[in-house]
Amino acid sequence: MNSLWKLVDGIGEKVVGTIRYTVSIWTMVYLSLRTVFTNRKNQSFRELVKVISSQIYFTGFQALPLIGMLALIAGTLVIIQASSQLSKVGGGEMLGNLLVVLIIRELGPLITALVVVARSGTAVASELGNMKVNSEIEALESMGIDPLSYIVFPRLLGGIISVVCLALYFCVVALFGGFLVAQFLQPIAFSYYMESLAFAISLEDVMLFLVKNVFSGIVIFVICCYQGFQVKQSFTEVPQVTTKAVVNSIMYTVSFNSFVTLLVYVKHLKRLGII
Amino acid sequence: MRRERIRSLRAENLTHGFTSEAPVLREITMDLPFGKEVVLQGAPGSGKSLFLKILAGLITPNKGDVFYNEQPLKEMTFEEFAPLRTSTSVCFENGGLLMNKTLLENIQIGLLYNHQWRRERSDGLLKSLVTDFGIEKYLSMRPASVSSSVKKITGIIRSLVSTPQVIFLDDPSLGLGENEKKALKYWIEKYRQDGKEDELIVIASSDESLVRGLNCIRYVIEDGRIIPWSESTRSQVA
């Protein structure tokens, strides 16, 4: 009985901890937006744009080769597998639907988010951790520069823009680059392929794509900023907060993506009258 | 951003520590006299820098509060405190420079961000400071490429170039050579001479060579409490 209570206690503690953490990170998002929009006149727009553009450069532009390579591999594999398997069961006309579901709805947002966490999330968490130890955050505050508007907001906005653009780039490369590579192994007529895709893409796919990627952008960067700010005094804390930032970002992103996918399929099942 | 004049600065019953059992500062009450230089002395780890940061509003004390113009800091938001804060400046013990900016950008960032860079006045003052401290050739470099003394000087210049009403200097002479210390003393004196009666410099330093010759009021932080400096406290400071 005692061990059962301990288990319940442990689970309760984890749940409360997760709720607290979630509230904290969304409070940080709210405060950074509030600071920027309520205090517009008192801060340099030019300085903010500088930080946002450098964030987009590091997170978005510099990740293009890696995302491109992953997209090409993923696209090729999915196209080859889907076309060969579907043709076996006579479902060749479903190729576009399958590609849209797999690449635009699922793989694009997920792989992009994982790459951004690995490349930029770690960089942001460790950069902020080091800034904290070096008194850089205190220095900004002492000059009347709010770290929420100067550090968090540009990373959030730059992060969202980068994640959405990278995911779009991923989908384009996966669908068209993958098609070109697949021609060497399993030729498909371009007009047939394009027609199949054009019929398959709907407004719902676009909305899902945007919701997943905007959420990933917000969550990855706010968690990494939040963890970076948790460093107190020592450089030895920096790797610890970076690890925590990566783990939490992946957990939140994957959970949200899965949750949204689940909701969509529940909706589909309801529409079909299965549930 | 418009600056707000600071008419009074007071600490009341300040208690702060990293553990509740052993606070570094205990119930410190102090009214800071404007028109003077206040030097805080004490043994290493006595809480000089901590007290300075609490006064500057960078650390929230566990107990007690700091009052700017009789307004308690704990009740002010960042935005509410900002006009008062931009009337102050802080030079950190380690410089506190942004590592991804050049030294020049570090000096200018606060003023540019708050739209307070006055082309002729600020440029002229910056030029004089940079020449006197001898760091012209380093201005385009980043902090990682320069020595710790150059970083420290950049921090000092950043705190002086904004011509604030209240300056907090945390161990400003640490790691500086003789010439640089001379320049620092010169600028502190100049600031006081140029300044009006409502300006204040708070220096946390146990460097006798800096403090000697300054027309200042000295205090010593000892066992978490602040006491006026006297010959008998000198040995404890050392």
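Computed from a predicted model, the values in this text were never measured in an experiment. Naming: A, B, ... by sequence-line order, numbering from 1 per chain.
- Annotation: B:K127, atom NZ; neighbour count of heavy atoms from other residues, nucleotides and ligands within 6.0 Å does not exceed 12.
- More than 12 heavy atoms of other residues, nucleotides or ligands sit less than 6.0 Å from atom OH of A:Y21.
- The interface of residues 110-147 of chain A with chain B, defined by heavy-atom distances below 4.5 Å, comprises A:E127, A:M131, A:V133, A:N134, A:S135, A:E136, A:E138, A:A139, A:L140, A:E141, A:S142, A:M143, A:G144, A:I145, A:D146, A:P147.
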Identify all side-chain donor-acceptor contacts of residues 75-84 of chain B below 3.5 Å with residues at least two apart in sequence or on another chain.
unit_1	atom_1	unit_2	atom_2	d
B:T77	OG1	B:E80	N	3.1
B:E80	OE1	B:T77	N	2.9

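- Top candidate by heavy-atom pairs under 4.5 Å with chain A, chosen from B:L58, B:V90, B:T88, is B:L58.
- Of the atoms belonging to B:K101, it is side-chain heavy atoms, and not backbone ones, that fall under 4.5 Å from chain A.
- Annotation: residues 52-60 of chain A contacts chain B through no residue [non-hydrogen atoms, separation under 4.5 Å].
- Counting non-hydrogen atoms of other residues, nucleotides and ligands closer than 6.0 Å to OH of B:Y138 gives a total of 12 or fewer.
- When the shell of 6.0 Å around CE of B:M99 is examined, it contains more than 12 heavy atoms from other residues, nucleotides or ligands.
- Put simply, of B:L98, B:N94, B:T86, the one with the most heavy-atom pairs under 4.5 Å next to chain A is B:L98.
- Interface with chain B: from residues 148-162 of chain A, residues A:S149, A:Y150 qualify, criterion being any non-hydrogen pair under 4.5 Å.
- For NZ of A:K244, the number of neighbouring non-hydrogen atoms (other residues, nucleotides, ligands) closer than 6.0 Å is 12 at most.
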